Amino acid sequence: MVQNMFRTGFLVRATHTLLTWVITLILFLHNTDLRKCEERGELLLPVLFFLVVVLSVLLYFAVSLMDPGFVLTDTLKGVQASDEEMESMMPQPSTPRLRRCGYCLLQQQPMRAKHCQTCKRCVRRFDHHCPWIENCVGERNHRWFIVYLLVQLLALLWALHIALSGISPTITWELWFRVNGFLLAALGVVGIFSMVVVLLLGCHLYLVSINCTTWEFMSRHRISYLKNCGNEENPFDRRVFCNLWDFFCICRTVVWEQMYSRNRNTTNSV
């Protein structure tokens with residue numbers, strides 16, 4: 001029973017949710033700007049902050065529980081995939097041979113897919129397995145993961161400002177720690193999470209702008225379709241604007257084999 005709870009990510013999600021609402025409660029109960037606004041009858045800022053927190057929690061669960069882009073098994077693929085899709089995945093002369101997954105025995109692993117040993121499935125355009133959401137980040141949920149980070153960062157920075165506004169001066173250090181203890185604890189947690197989210201968001205936005213995944217960036221020398229490319233060559237890069245547009249606005253499965261073959265042919269011809 002306990003092992004199943006850990007395997008499904010129940011404790012991770014429950015801890016995240018509990019921590020979020022405990023910190024929110026601390027900010028509302030102490031003498032912060034939120035409390036002062038409530039006492040004056042100005043409810044706009046407290047309501048907006050509460051809605052941002054709710055939105056961050058909803059996005060967290062959406063990204064955490066969403067299918068990241070699991071690759072269908074060969075049996076299901078034979079039933080559901082069209083002949084055209086299968087044909088488009090067939091390796092061209094300039095395209096590396098499709099790999100066979102040695103873990104789930106998938107006969108044709110799509111380009112940019114990788115087997116996640118935690119989820120025990122192959123994931124399209126695999127980025128990484130995130131222990132924070134206890135789910136893979138892949139083709140289907142990567143954009144929502146970044147949207148979640150943006151909203152989470154907004155909530156954290158706002159909470160940081162609110163917590164600082166509630167720190168009360170006292171006569172002695174002992175009394176100061178006693179009066180502001182909960183706020184200081186909330187301030188420390190929020191500060192650490194803020195730094196982590198800033199780093200994550202910055203790294204992911206950079207990688208999205210060059211159409212590269214975390215896995216590809218970290219393991220380029222071991223990936224069959226990248227190790228023969230130049231150090232500065234990315235066969236999936238379509239320049240910053242097109243990369244961002246495709247990532248955030250195009251909601252469909254991309255056949256990366258076609259883009260790879262097309263871009264490599266263009267590079268070789270030049």
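Computed from a prediction, not measured in an experiment: that's the story for all the values here.
- Not counting sequence neighbours, the partners of R238 by the side chain to side chain contact (heavy atoms under 4.5 Å, CB included) test are C242, N243, D246, M259.
- Contacts of I171 classified as side chain to side chain contact (heavy atoms under 4.5 Å, CB included), with partners at least two apart in sequence or in another chain: none.
- With 3.5 Å as the limit, one finds a donor-acceptor pair spanning the side chains of S64 and R13.
- When the side-chain hydrogen bond (donor to acceptor under 3.5 Å, both in side chains) test is applied to T32, no partner is found at least two apart in sequence or on another chain.
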Which pairs of donor and acceptor atoms, one on a side chain in residues 185-208, lie under 3.5 Å apart (sequence neighbours left out)?
from : atom 1 : to   : atom 2 : distance (Å)
S194 : OG     : V190 : O      : 2.7
H204 : ND1    : H142 : NE2    : 3.1

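- Every pair passing ring pair (Phe, Tyr, Trp, His ring centres under 6.0 Å) that includes a residue from residues 22-49 is listed here, sequence neighbours excluded: F49-W158.
- Looking at residues two or more places apart in sequence or on another chain, you find a ring-ring contact (aromatic ring centres under 6.0 Å, His included) between W21 and F50.
- Listed by first and then second residue, the side chain to side chain donor-acceptor pair (under 3.5 Å) pairs that reach into residues 34-57 are R40-E42, sequence neighbours excluded.
- The number of heavy-atom neighbours closer than 6.0 Å to CZ of F217, taken from other residues, nucleotides and ligands shown, is 12 or below.
- Taking W144 as the reference, nothing meets the ring-ring contact (aromatic ring centres under 6.0 Å, His included) condition, with sequence neighbours excluded.
- Judged as a salt bridge (Lys or Arg N to Asp or Glu O under 4.0 Å), not a single pair has a partner in residues 142-169 (not counting sequence neighbours).
- For W245, the side chain to side chain contact (heavy atoms under 4.5 Å, CB included) criterion is met by C249, I250, not counting sequence neighbours.
- Every residue meeting the side chain to side chain contact (heavy atoms under 4.5 Å, CB included) condition with T172, not counting sequence neighbours, appears here in chain and number order: E174, L175.
- Shown here are the side-chain hydrogen bond (donor to acceptor under 3.5 Å, both in side chains) partners of T170, two or more places apart in sequence or in another chain: there are none.
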